[in-house]
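In this text, all values refer to a predicted model and were calculated from it rather than measured experimentally. Any value given below was found using the heavy atoms of this structure, including those in side chains, with hydrogens, waters and symmetry copies removed. Below, chains carry the letters A, B, ... as their sequence lines are ordered, and counting in each starts from 1.
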Amino acid sequence: MNEVRVRFAPSPTGFLHIGGVRTALFNWLFARHEGGTFILRIEDTDRDRSTDDAIQVILDGLKWTGLNWDEGPFRQTDRLELYRERAMDLLKRKLAYWCICTPDELEARRKEAQAKGESIKYDGRCRHRGVSEPAEPAALRFLTPQEGQTIVNDRIKGQIVFDNTVMDDLIILRSNGYPTYNFSVVVDDGLMNITHVIRGDDHVNNTPRQVPLFSAMGFSVPQFAHLPMILGSDKARLSKRHGATSVLAYKEMGYLPEALINYLVRLGWSHGDQEIFSIQEMVEFFDFKQVQASAAVFNPEKLRWVNAQYIRNSDPKQVADVLMPFLQSAGYDDAVLARIPGGAEALIPPLRERSETLLDLVQGAVPYLSEPMTMDEDAAKKHLTLSIAPSLQAFADQVEAEADFSKEVLEGILHGIIERQGLKMGKVAQPLRVALTGRTVSPGIYEVMALLGKERSLQRIRSGLERTMNA
RNA sequence: GUCCCCAUCGUCUAGCCUGGCCUAGGACGCCGGCCUUUCAAGCCGGCAACACGGGUUCGAAUCCCGUUGGGGACGCCA
């Protein structure tokens, strides 16, 4: 029984986007499910567009998601000698030939063919030129079989049949000596003993070009699984136009990595009606049989919902930990947090029912962290009126006189006032809320007061009282 | 243009392989209600789909063909 070996092979020409993470995730899930090996390989053979920064961003993004790799990261530019050797071997065996057509010429011919409505595949004019020692820089082309069919048994799409006549003699070595994607991929997948190639289905058409290369170099052909694309709301391929594309942008927007992963795994994969999965469950249940063959539209609303589920159901301590950097960058340091009885962790339970992201949590925490508090003028005008002043006054006096600041005591005091004045709870609670938080929306009054502590609660009610006098 | 893939509520999907259990289920969102100190959360309910046309069959969302629609690929990018 062969050990499963899969790889995620991003190219460092940009950041790690959502689609890339999904591809990495499915590779990782399959590897973990099978007890196999997950390899990270950086495909940086486009030396014009690949950058070290981009590699770092990909690594950072992947680390944030928690998709840990077992081998690598390998860089193809560290392995150039390997590709060259293999290419020269193909040349020696007459399975490859030098092509002296220039990129400009090829481009012109393609345009012309397109205009005439003809096939735009390479016409093979260097095939029989027999160039042995090119004087000029030349590219090396693979002599692609033109007869018969190439059949791919895709784990997701099923059987796919290609007529070999549509296949080009693809370039395997550029005139600058660098290998092209379709070649380096095959050499690496072969050399690294990759058993399953799991990638986006934009690569389906590359598969019949790669299969003959595996065979020509004596590698066994891996199994393929082509994942459906992720689309934007306009059903076009997900891109910058659809908002954040870098995973790290989601980190900054206050999403938890587990939530993003959970959302992404359900984009194209399912396990009955289950929506929320622990990582262990995903690994246990993952199966290509349940992977969708069709593309999926990325739905930010649902991502928010999933994130909310995680924020609500995670341990408050852990949420507080990931929230810290957000609080810091909002200008709230440890000294500010120390004002809250119970610290940052105490903020989580009352606030998380109303928060879908960590950013929402920060916004919700503002009234308890900021001093002085910002008062919503409209709210003050509406609720801090003269008629409510006696109730607020009585409440403040009684709370101050009471040593115990527990919810039960506060509740008793407030209910007593309501009964005596013959008021409804809402009549008093809203003004109190506005006085305490400066807002009309907040957690329950007693939770708010617990976060504020006795001193600040009383001080805020009193300054609210002052406003009722001036109203 | 050529090649390839895909097609169930607005979106993610279950069901399809192994036709009948489907009056097509769940989730997000939306609408309404309950709860209620606000807003949420929670609970209850509602709207909403088998792209179309032919077959095959006693019977088709499920199998076959076609049409239409969508996506992808056709680089000395990956």
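Across all strands shown, B:rA49 forms no Watson-Crick or G-U wobble pair with both distances under 3.5 Å. Across all strands shown, B:rA61 remains unpaired; no Watson-Crick or G-U wobble contact has both distances below 3.5 Å. Remark: B:rC34 base-pairs with B:rG42. Criterion, Watson-Crick or G-U wobble with two distances under 3.5 Å. With a 3.5 Å ceiling on both atom-pair distances, the Watson-Crick or G-U wobble partner of B:rG69 is B:rC6. Base pairing annotation: B:rC22 forms no Watson-Crick or G-U wobble pair, as no partner gives both donor-acceptor distances under 3.5 Å. Base-pair partner of B:rC74: B:rG1 (Watson-Crick or G-U wobble, both distances under 3.5 Å).
Partners of A:R7 by salt bridge (charged side-chain N to carboxylate O under 4.0 Å, His left out), not counting sequence neighbours, listed by chain and number: A:D189. For A:F288, the ring pair (Phe, Tyr, Trp, His ring centres under 6.0 Å) criterion is met by A:F30, A:F286, not counting sequence neighbours. With sequence neighbours excluded, the residues satisfying salt bridge (charged side-chain N to carboxylate O under 4.0 Å, His left out) with A:E43 are A:R41.
Taking atom NZ of residue A:K157 and atom P of nucleotide B:rA7, one finds them 8 Å apart after rounding to whole Å. When rounded to the nearest whole Å, the span between CD of A:E447 and C1' of B:rA41 equals 11 Å. Put simply, CD on A:Q159 is 14 Å from C1' on B:rC5, counting in whole angstrom units. Look at CD1 on A:I230: it is 16 Å from C1' on B:rC6, rounded to the nearest Å. Separating the CD atom of A:Q430 from the P atom of B:rU38 is a distance of 7 Å, rounded to the nearest angstrom. Rounded to an integer number of Å, the gap from CD of A:E353 to P of B:rC43 is 11 Å. Rounding to whole angstrom units, CG of residue A:D154 and C1' of B:rG72 are separated by 14 Å. Look at CZ on A:R354: it is 10 Å from P on B:rA41, rounded to the nearest Å.
Side-chain contact between A:C126 and A:W98 is absent, with no heavy-atom pair separated by less than 4.5 Å. For the pair A:M375/A:R467, a side-chain contact is recorded, criterion being any heavy-atom separation below 4.5 Å from C-beta on. Taking the side chain as every heavy atom from C-beta outward, A:R174 and A:T45 approach each other to under 4.5 Å.
Salt bridge annotation for A:K157-A:D201: present, with a cationic side-chain nitrogen under 4.0 angstrom from a carboxylate oxygen.
Rounded to whole Å, the separation between the C1' atoms of B:rC47 and B:rU11 comes to 15 Å. Rounded to whole Å, the separation between the C1' atoms of B:rG59 and B:rU13 comes to 27 Å.
A distance below 6.0 Å separates the ring centres of A:F298 and A:Y263. In this structure, A:H203 has its ring center under 6.0 Å from that of A:Y181. Aromatic rings from A:W269 and A:F277 are positioned such that their centres are separated by under 6.0 Å.
As judged by a 4.0 angstrom heavy-atom cut-off over every strand, A:G200 is placed among residues making no nucleic acid contact. Within 4.0 Å of A:V161, counting heavy atoms only, lie sugar-phosphate atoms of the nucleic acid but no base atom. Using a 4.0 Å heavy-atom criterion, one finds that A:S270 contacts the sugar-phosphate atoms exclusively. Looking at heavy-atom distances under 4.0 Å, A:G426 makes contact with sugar-phosphate atoms alone, never a base. Among the atoms of the strands shown, none is found under 4.0 Å from any heavy atom of A:Y178. Within the 4.0 angstrom heavy-atom criterion, only backbone atoms of the sugar-phosphate kind lie near A:Q290; the bases stay farther away.
Candidate nucleotides B:rU13, B:rU38, B:rA41 were compared by shortest atom distance to the side chain of A:A296, and B:rU13 ranks first. Which of B:rA40, B:rU11, B:rC5 sits closest to the side chain of A:K235 comes down to B:rU11.
Defined by atom type and a distance below 3.5 Å, a donor-acceptor pair is missing between the side-chain atoms of A:T357 and A:N307.
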Indicate for each nucleotide in nucleotides 73-78 of chain B, in 5' to 3' sequence, whether protein heavy atoms under 4.0 Å reach the base (B), only the sugar-phosphate (S), or nothing (-). SBSBBB
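In terms of phosphate contacts, A:K424 brings no side-chain nitrogen or oxygen within less than 4.0 Å of OP1 or OP2 of B:rU36.
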Which atoms of nucleotides 60-62 of chain B (N or O only) lie under 3.5 Å from a protein N or O atom, and what are those distances?
none

N/O contacts under 3.5 Å, protein versus nucleotides 23-26 of chain B?
{"unit_1": "B:rG25", "atom_1": "N2", "unit_2": "A:D273", "atom_2": "OD1", "d": "2.8"}
{"unit_1": "B:rG26", "atom_1": "N2", "unit_2": "A:E275", "atom_2": "OE2", "d": "3.1"}

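A:L256 contributes atom CG, which lies 12.0 Å from atom CD1 of A:I261 (distance to the nearest 0.5 angstrom).
With A:R22 as the partner, the side-chain contact (heavy atoms from CB on, under 4.5 Å) test is satisfied by one option alone out of A:L238, A:V265, A:L260, A:I230: A:I230.
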